[in-house]
Every structure is written in C-alpha cells, then in structure tokens.
Amino acid sequence: MSHIVDTMFPPEAEDRGGAATPLLAVNGLVKHFKAKNAVVRAVDGVDFHVAKGETLGIVGESGCGKSTIARLIMQIIAPDSGTLLFDGEPVGSAALPLGDFRKKVQMVFQDSYASLNPRMTVEDTIAFGPRVHGLSHKAAVTRAHDLLHRVGLEPSRFAGRYPHEISGGQRQRINIARGLSLEPRLLILDEAVSALDKSVEAQVLNLLLDLKDEFGLTYIFISHDLNVVRFMSDRVMVMYLGKVAEIGSSEPIFKKPRHPYTEALLASMPSMDPDNRTQEAPITGDPPNPINPPPGCRFHTRCKFVSAICANAEPVLHDVGGGQSAACHLANPQSGHPRLAAAA
Amino acid sequence: MPIVEVKNLTVDFGPKSKPVRAVAGVDLHLAKGETLALLGESGSGKSVTLRSLMRLHPKSARTGGSMQVDERDVLAMPYGDLARYRGSIVSMIFQDPGLALDPVYRVGDQIAEAVVRHEGTSFKQGRARALELFERVRIPSPERRLDNYPHEMSGGMRQRAMIALALACNPKVLLADEPTTALDATVQIQVLLLLRELQRELGLAVIFVTHDIGVAVEVADRIAVMYAGKIIEEGPCADVIRAPSHPYTKGLLASRADHSFEKGARLTAIPGTPPDLATLPPGCAFAPRCAVVLDACRNSTPPPALISRHHFARCIRSEPAAARQATV
Amino acid sequence: MAAIADAGIFVPVKASRGYWASVAHRLIRDPLAMTAAAIVLIIILAAIFAPWVAPADPYKASMIRRLRPVGTPGYLLGADELGRDMLSRLIYGGRLSIFMGVMPVLLAFGIGSGIGIFAGYVGGRINALLMRTIDIFFAFPSVLLAIALSGALGAGITNSIVSLTVVFTPQIARVAEAVTTQIRTRDYVEAARVSGAGPFTIVRVHVLGNVLGPIFVYATSLISVSMILASGLSFLGLGTKPPEPEWGLMLNTLRTAIYNQPLVAALPGLMIFITSLSFNIFSDGLRSAMDVKQ
C-alpha cells in the first residue's frame with residue numbers, strides 16, 4: 001500500500017463557544033416557494049439546535065420540509081426569514097462570513113451518481129474543495145488520497161477512476177470523503193444511505209460512525225427510514241408539513257412518542273413478525289399538500305384524536321420532560337383538549 | 001397444479017459474445033391464492049424474473065427455460081394471444097404508476113377502455129366497472145376521482161388507481177414490482193394492507209418483488225431470496241425470517257439497523273459490494289463476501305439443499321433442520 | 001482501517017479511460033460514422049492540397065471543350081459551360097464550400113455557447129431577457145433570414161459568413177442554455193457551490209466539461225445546413241462571385257446545361273449532398289458515442 005500522509009487536523013482548536021454552546025442553532029426558519037399562483041410553505045417556522053458532537057436525526061414524509069432545511073442550512077437557497085447561529089456566531093456576519101461558514105458545514109446528497117461530476121476522476125472531485133480554498137494541487141491530492149483511505153477505498157485503485165466505473169456504495173463513500181475534504185465540523189447527510197442496497201447501507205452507516213469518532217464530527221442525519229434514524233441519532237426531530245411535530249432525545253421519542261403523528265409513523269413500519277403482521281393502517285390518506293396546509297394543527301385532518309380545538313388553535317412545542325417536546329394539544333395539560341379533561 | 005410454474009429460467013442481455021446473465025436458472029412455483037415475495041438487491045434478477053412472466057423484455061434479451069402460467073406456455077405464446085394474456089390472466093403493478101397510467105387520459109377512461117378492449121363490453125359498462133374498482137381500492141369520492149388525470153392525484157392515490165387498472169380484467173396472477181418503494185411510510189402500509197386484502201378476497205396469486213424484508217414479511221406466505229440471478233434461499237415466510245440458512249439471508253437480517261439500539265454499537269455488515277453480473281466468480285456467487293466460505297464454495301455452484309419440507313438454501317453448509325438440532 | 005479491503009474487493013484493476021478517450025473508442029467502432037469521417041477527410045484534404053491534386057487549372061476556359069460529358073479523356077468528370085475541367089473545379093470548390101459551411105458554425109458555436117451558458121448559469125430574469133430576445137430570430141425561417149441579411153450586407157464571402165453566423169447563433173445559444181440549465185441544478189454543481197467555489201470556477205470546472213460536448217454535437221449537425229445555405233446564397237448570387245469555383249455557384253452557372261449534360265450539371269449538387277450527408281452521419285455517430293452512461 002502506498003504510504004498515506006495524515007492531512008486532517010483535530011477540530012478541537014476551532015471550538016470557540018465552549019461545549020455548552022450548540023454547534024448550530026436555528027431560529028424561526030421560514031421558506032416559502034412560489035409555485036404557479038400558489039405558495040408552497042416548505043418550511044414554516046422551525047427552531048432547533050444541534051449540540052456539539054451529537055447526531056440530530058430529522059424524519060418526516062415527502063413534503064415535510066426536511067430536505068429544504070438541509071439546503072437552507074447549506075445556504076444553497078436563501079431563507080425568507082430566520083437566523084442561523086454557528087457556534088454562537090451569526091452566519092453571514094462579520095464574525096463568521098459565509099465563506100468561512102461553508103468550510104465548516106458540508107453535505108452528502110442522496111443520489112451518489114448525480115452528486116459527482118461524471119467528467120472528473122475521484123481524486124479531482126475530492127481535491128476540488130481544498131483547491132478552491134487555496135491548497136496547492138499537490139497538497140490537495142495528498143489530502144484526497146488520505147481521505148480515500150479513511151473512507152475505506154484504496155487510493156491506488158480508486159483515485160483515477162470515474163464515477164460510472166464504481167458501485168453505488170463506493171460512490172457514496174467518495175461523496176463522504178468530499179464532504180470531509182474541507183475539515184468541516186458539521187456534516188449534513190440528506191438521505192445519504194437511502195439509495196443504497198441494504199447490505200451496503202450497513203457498511204456506510206458503520207463508516208459514518210467511525211468517521212464521527214475519528215474527526216469529532218457533528219451530524220444532521222435526514223432520512224425517511226426510522227430504523228436507521230434511531231440507530232444513528234442522539235436526538236430526533238419529527239417534521240410534518242413544514243413544522244416540527246416533535247423533537248427530543250431519540251430513545252424517549254421512539255419508546256413513548258407524544259405526538260400522534262410520531263406514533264403513527266412508528267406504527268407504520270413493517271412489523272418483521274410473520275405471526276403478528278400489521279392489521280390496520282395507523283392513519284389513512286396521503287400527507288396533505290404543503291400548498292394549502294390545514295389550519296390549526298396541520299395534522300388534524302389525519303389524527304384519530306382530533307377535536308374542535310385542533311382545527312382552530314395551532315399547538316406550539318410543549319416540553320413534556322426528559323428533553324422531549326411535542327407540538328400537540330394533548331401534550332400540553334393547559335391546552336383544553338377534551339380528551340385531557342376526560343382522562344383527568 | 002400450480003398456477004405459475006417456472007423451470008430453469010435464464011435471461012441474458014447484451015451481445016452474444018459477452019452476455020450478461022441477469023437470471024441464471026430460476027425455478028419457482030405459485031399456487032392459486034398464494035403470495036410469494038422475491039427479495040433481493042439491485043441486480044439480483046428479481047425484477048427481470050418478474051418481467052419475464054409478462055414477456056416484457058426487449059427483443060435483444062434471450063430467455064431460456066420454461067414458464068407455465070394458468071396452463072399456458074408463456075414463451076411459446078404467439079403475439080396475438082400475448083395481448084389477451086397480459087391483463088386478463090396476468091397483470092402487473094409498478095413502483096412508478098407513470099409506467100402504467102397514461103398522463104393524457106382520465107384515469108376512469110383508461111380503466112373503462114381496458115375493460116372494453118378485453119371483455120368487449122360497452123364503454124358505459126366499462127365506466128361502471130371502473131367505479132366499482134375505485135370503490136374496491138378505497139379511493140375516496142370515487143365518482144369524482146374517475147375524471148381525474150393521473151397528475152391530479154396524490155402518490156398513494158395514483159398507486160391505488162394503478163392497482164384498480166391492473167385488476168380491471170379479473171386477472172388470476174398479480175405481479176407487483178416494488179409497488180410501495182416510492183411511497184411514504186404511512187402510505188406504504190395502507191397500500192400493503194390493501195394488496196393483502198384484495199389478494200385474499202379475489203383469491204389472487206401474487207408475486208411481490210421487493211428489496212425490503214419488512215415489506216416481504218407483511219405480504220408474503222413464502223419468501224424467495226435472490227442473489228446474482230439465482231434463488232439462494234426459499235421457504236415459508238416465518239422459516240426464512242426466523243431460521244435463515246444461507247449466509248446472505250443471515251447477513252441481510254443481521255445488518256438491519258432495528259436490531260441494534262445500543263449507542264455507539266456498529267452494525268454487522270456484509271462486506272464487499274454486490275456482484276457485477278458481467279464478471280461473476282465461478283462457484284457460489286456470494287463466496288467472495290461470505291464470512292464462512294469454504295474452498296469448495298469457489299469451485300461449483302451449490303445445489304439447493306433441503307432444510308425442512310418447503311425450505312431450501314443453495315449453500316453447501318446448509319443442513320436439514322433436524323440434523324442441525326442433533327448437532328447442537 | 002478494516003473496511004479498506006471490504007469496499008474494494010470486486011473492482012477489477014484496469015486503467016480508467018477518460019471520458020473523451022472512451023467516446024473516441026466507441027466512435028472508432030462505428031463503421032458508418034468512420035466512413036463518413038473518411039469521406040469528409042478526403043474532400044477536405046483534396047481541397048487543401050488542390051494545386052497538387054487537381055489535374056488541371058480550374059480557371060482555364062476553352063470554348064471548344066464546352067460541356068464535355070463525364071468520362072471524356074483528359075476530362076474525367078467532363079467540362080463545364082466554359083470548358084473548364086469539372087474535376088479540378090470540384091476539388092477547388094471544396095475550399096470555399098467547406099470553409100463557408102464550417103466557418104459560420106464555428107463562429108456561432110463560440111458566440112452562441114457563450115450567450116447560452118451565461119444565460120443558463122445566471123438564470124432568472126437575465127436568462128428570460130436573453131432567451132426571449134433570441135426567440136425573435138426564430139420568427140424567421142433560417143433561409144429567409146440568411147438571404148435577407150446577405151442581401152442587406154451585399155454579396156461577398158465575408159458577408160455570407162456573417163449572415164450565416166447570425167442565423168446559427170440563436171439556435172446554438174438555445175441548445176446551450178437548455179443544457180446548462182439542466183447541469184446547473186445537478187447535485188454536483190450544488191456540492192461545488194457548497195464547498196465555496198465561485199461562479200467562474202464552477203463554470204470552468206463543472207459546467208463547461210459537461211455542456212460543451214452536447215453543444216458541439218449539435219453544432220456539427222448544423223454544418224450540413226450551413227453548407228447548403230452557403231451554396232444557396234452563392235447560387236442566388238449573394239455569396240461567391242464568378243469565376244471562383246464554389247459548388248453552389250457552379251450549380252447556378254451549370255443550370256442551363258441541365259438538358260444537354262444533366263450528369264455534369266448535377267455534379268456540384270452531388271458534392272454538396274455527399275459532404276453534408278457525411279457531416280450529418282458523423283455528427284449522429286458522435287452523438288451516440290457520447291450518449292452513454294457517462
């Protein structure tokens with residue numbers, strides 16, 4: 001094997017705000033897209049934070065806004081309103097110009113093929129970012145080889161190859177290597193394993209865990225697969241039609257969801273027990289269109305606990321203890337939902 | 001007499017000088033009213049097998065072996081009969097309803113037209129049948145929805161409409177090619193339950209292709225696991241899931257993230273990449289990735305070994321369940 | 001790291017072929033495209049080396065040898081209405097005809113790609129403004145536009161080339177804009193933006209390599225149109241002037257001979273036909289050679 005030079009540096013030196021400051025704090029994020037004579041409320045007022053070194057999972061169905069959030073954080077699209085604080089500093093301010101922020105946050109896309117330039121070799125793809133940021137060609141290539149090695153691909157065999165010459169799992173490893181090439185602190189994984197075969201998915205998940213330990217990374221892990229999110233995440237954010245339905249530590253949410261939508265989502269997973277198959281669909285119908293979201297609680301049209309209050313008043317995130325918050329009237333004893341009175 | 005019986009099916013693509021064998025000797029049989037799940041990853045040959053039953057391959061593909069469906073020889077069927085066979089004996093649903101539903105016609109008219117063409121009824125009777133089918137697949141406000149164009153429906157509803165179209169001419173066999181893969185979780189389970197219900201009520205024989213073990217467990221009586229163009233393990237659903245015999249099936253089950261909830265733990269992953277069909281190794285195709293490989297595995301393809309009455313695996317390490325218990 | 005062996009097991013060790021090398025590899029295996037390329041090459045080489053290849057002086061008239069049939073000794077392809085050797089005139093004619101076919105396309109390729117890639121990458125209102133302006137040119141059939149422009153600018157080779165360039169630029173710009181718009185939204189371009197690259201770097205590294213190929217293929221398919229239009233302009237007296245040998249002009253001057261020497265009169269047309277067809281077949285071959293999973 002060729003000798004591999006270690007070109008990556010430990011990230012501790014960069015920590016400015018201290019351990020207690022979240023790496024990323026998102027406040028009041030809103031993004032509406034204009035469609036033909038309609039407004040798509042893709043992200044409609046979202047607050048959350050990601051602590052240093054943790055993995056925040058984001059789950060939800062199509063149209064819930066999870067991918068839009070990724071693109072908003074990456075500054076690929078501009079938000080209508082809302083602020084991002086990265087390690088305590090506002091993104092785009094004098095303290096943290098956009099260029100510096102971009103180095104610190106990187107993203108891995110779902111489609112491993114579309115996210116690689118078909119005319120560029122693996123090595124050039126990984127070296128591109130460092131070159132843009134002023135590394136010499138030689139240093140950038142050395143780093144590319146180092147990263148290839150770290151994502152489990154022998155540099156001497158893969159550096160000169162083109163994307164169409166390698167398998168999907170290998171391509172996704174290259175996308176991960178490219179994501180790491182600027183030594184980011186936060187890596188956003190947008191359905192990064194969803195297109196992979198199951199036998200390869202496990203390898204890539206393991207690799208992501210290894211890299212997280214090795215480089216002290218923080219992840220935002222977006223997926224529609226609840227099993228995978230549960231495995232990867234310390235905290236989970238459940239989204240529904242552009243809003244946060246529930247957020248909190250992973251285990252409590254999966255064991256005792258407080259939002260009926262989270263509950264339905266969990267119950268919709270195939271049972272894996274041939275003698276105990278799912279007998280009834282937890283909820284009916286498709287997720288409504290984010291163009292005209294229902295008034296009040298956006299989930300009320302599909303919720304089995306719906307009452308008049310749900311259509312009128314929009315529930316806010318209510319802390320239910322144990323680091324878990326749910327935006328449901330049933331989670332808030334003061335909401336006046338009739339079921340609460342009946343239970344009491 | 002099984003309604004579907006496939007013997008030694010082979011399908012080759014590409015030039016004759018450098019063929020790529022997508023299906024390499026598949027045997028399968030399906031009784032009336034039975035659901036078989038074909039489980040496998042991309043390139044395993046599961047979809048190709050399914051499409052062979054409809055003779056959907058391009059002319060350049062070369063198909064070998066034999067396929068009997070409802071006592072008809074599918075490969076020998078002349079083109080005239082094929083049009084009747086497709087739809088009224090065997091029908092198919094896809095991952096993308098766009099493949100089955102024409103975007104420029106109203107969905108109700110498409111179904112009516114299929115009924116008229118196959119059964120020679122009047123268009124009005126066809127529309128009545130379409131309405132009945134829409135009610136059957138539980139599309140809300142069916143009268144109104146019959147006049148929708150496909151793009152006016154949500155993803156789950158389009159999938160239901162496609163199922164209605166597939167059932168328009170009372171087929172005996174339904175072929176499902178990953179019909180729920182593109183759907184959201186809460187919609188997927190609804191469609192799976194609908195398919196299960198229709199299968200039971202109409203006595204359909206179903207072959208359900210999927211890459212998701214969980215989905216297979218929800219719908220199937222039997223599971224056949226495919227790898228590199230071969231069925232490497234087949235048996236009753238519960239046997240395959242609880243007592244997998246082939247190292248690949250074991251690996252698939254073990255690598256699922258839902259087994260591992262301990263923080264920081266790693267998954268038991270199958271190493272390596274799925275095989276390239278153009279450069280398959282001699283012997284067992286899984287051997288290069290197999291953790292318990294023997295020298296003999298690299299020499300010849302293992303024949304199916306019976307584990308219990310209906311459960312077999314193509315692995316030289318597989319033993320009958322009785323023998324295994326004796327040695328433990 | 002332990003995973004290294006796992007992920008790499010099945011990759012056959014062979015040299016990677018660059019994209020263009022693999023396109024060339026496929027193109028060479030396309031017999032039709034190669035035949036077309038050979039024909040074009042022969043005609044171009046003959047035109048370049050005309051003084052050595054041509055058997056006679058293409059300008060030397062001889063009244064007694066007017067309209068000799070094909071096969072006359074010393075006049076392999078006959079003689080024209082002024083008794084000039086047809087073979088020599090056809091060989092020399094290739095110079096102007098091909099030049100006037102290729103040059104406007106080359107110019108339009110440069111200008112049109114520039115406009116199209118700029119419009120496509122910038123997007124938004126600037127794109128709309130540029131592309132709607134370009135749409136105006138599509139209101140006129142290209143033949144009419146070429147004739148009108150040449151007529152306004154006056155006859156001559158330069159003016160023909162200018163007018164044909166104006167005809168082809170919007171067509172190429174439109175294709176360039178479409179391809180660029182498509183590439184711009186690809187994940188890998190977003191990934192490059194995310195890694196902090198500026199627009200010029202992204203266009204140079206990620207856009208050009210992926211759009212120039214398809215635009216080039218489209219441009220080669222215009223060469224035949226350009227040749228025919230250029231010949232048409234000459235035929236109408238708007239391009240080359242006599243006695244210059246040029247296929248379109250030759251077709252014009254020989255048209256009176258169509259009844260007594262039809263074969264000779266048809267020869268310039270045949271040359272235009274063969275050359276433009278060859279360009280087209282080659283362009284088709286190039287497209288299918290490029291149109292694979294990249």
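Protein chains get the first letters and strands the later ones, always in sequence-line order, with residue 1 at the start of each.
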Item to complete: Tell me, for Arg160(B) versus chain A, whether the close heavy atoms (under 4.5 Å) come from the side chain, the backbone, both or neither.
Response: neither
Item to complete: Heavy-atom distances under 4.5 Å only: say whether Leu205(A) touches chain B with side chain, backbone, both or neither.
Response: side chain
Worksheet entry | Which atoms of Ile213(B) approach chain A - backbone, side chain, both or neither, heavy atom under 4.5 Å | both
Worksheet item: Measuring heavy-atom distances to chain B, does Asp225(A) have an atom under 4.5 Å in its side chain, in its backbone, in both, or in neither?
Response: neither
Worksheet item: Can you say whether Gln279(A) sits under 4.5 Å from chain B via the side chain, the backbone, both, or neither, judging by heavy atoms?
Response: both
Worksheet entry | Value rounded to 0.5 Å, distance of CD in Glu233(B) from OH in Tyr248(B) | 11.5 Å
Item to complete: Flag the one option from Arg196(B), Met157(B), Arg138(B) with the top tally of heavy-atom pairs under 4.5 Å to chain A.
Response: Arg196(B)
Item to complete: Please round to the nearest 0.5 Å and tell me the distance separating atom OG1 of Thr218(A) and atom CG of Leu23(A).
Response: 4.5 Å
Worksheet entry | Residue, of Pro287(A), Pro282(A), Gly285(A), that accumulates the most heavy atom pairs under 4.5 Å with chain B | Gly285(A)
Discussion item. Need one label for Asn289(A): side chain, backbone, both or neither, based on atoms under 4.5 Å from any heavy atom in chain B.
Written reply: neither
Discussion item. Working to the nearest 0.5 angstrom, can you tell me the gap between Glu191(A) CD and Leu196(A) CG?
Written reply: 11.0 Å
Worksheet item: Can you tell which of Ala220(B), Cys237(B), Gly43(B), Pro140(B) has the highest number of heavy-atom pairs within less than 4.5 Å of chain A?
Response: Ala220(B)
Item to complete: Using non-hydrogen atoms and a 4.5 Å limit, figure out which bit of Gln188(B) sits close to chain A: side chain, backbone, both or neither.
Response: side chain
Worksheet item: Roughly how far apart are Gln172(A) CD and Ile166(A) CD1, rounded to 0.5 Å?
Response: 10.5 Å
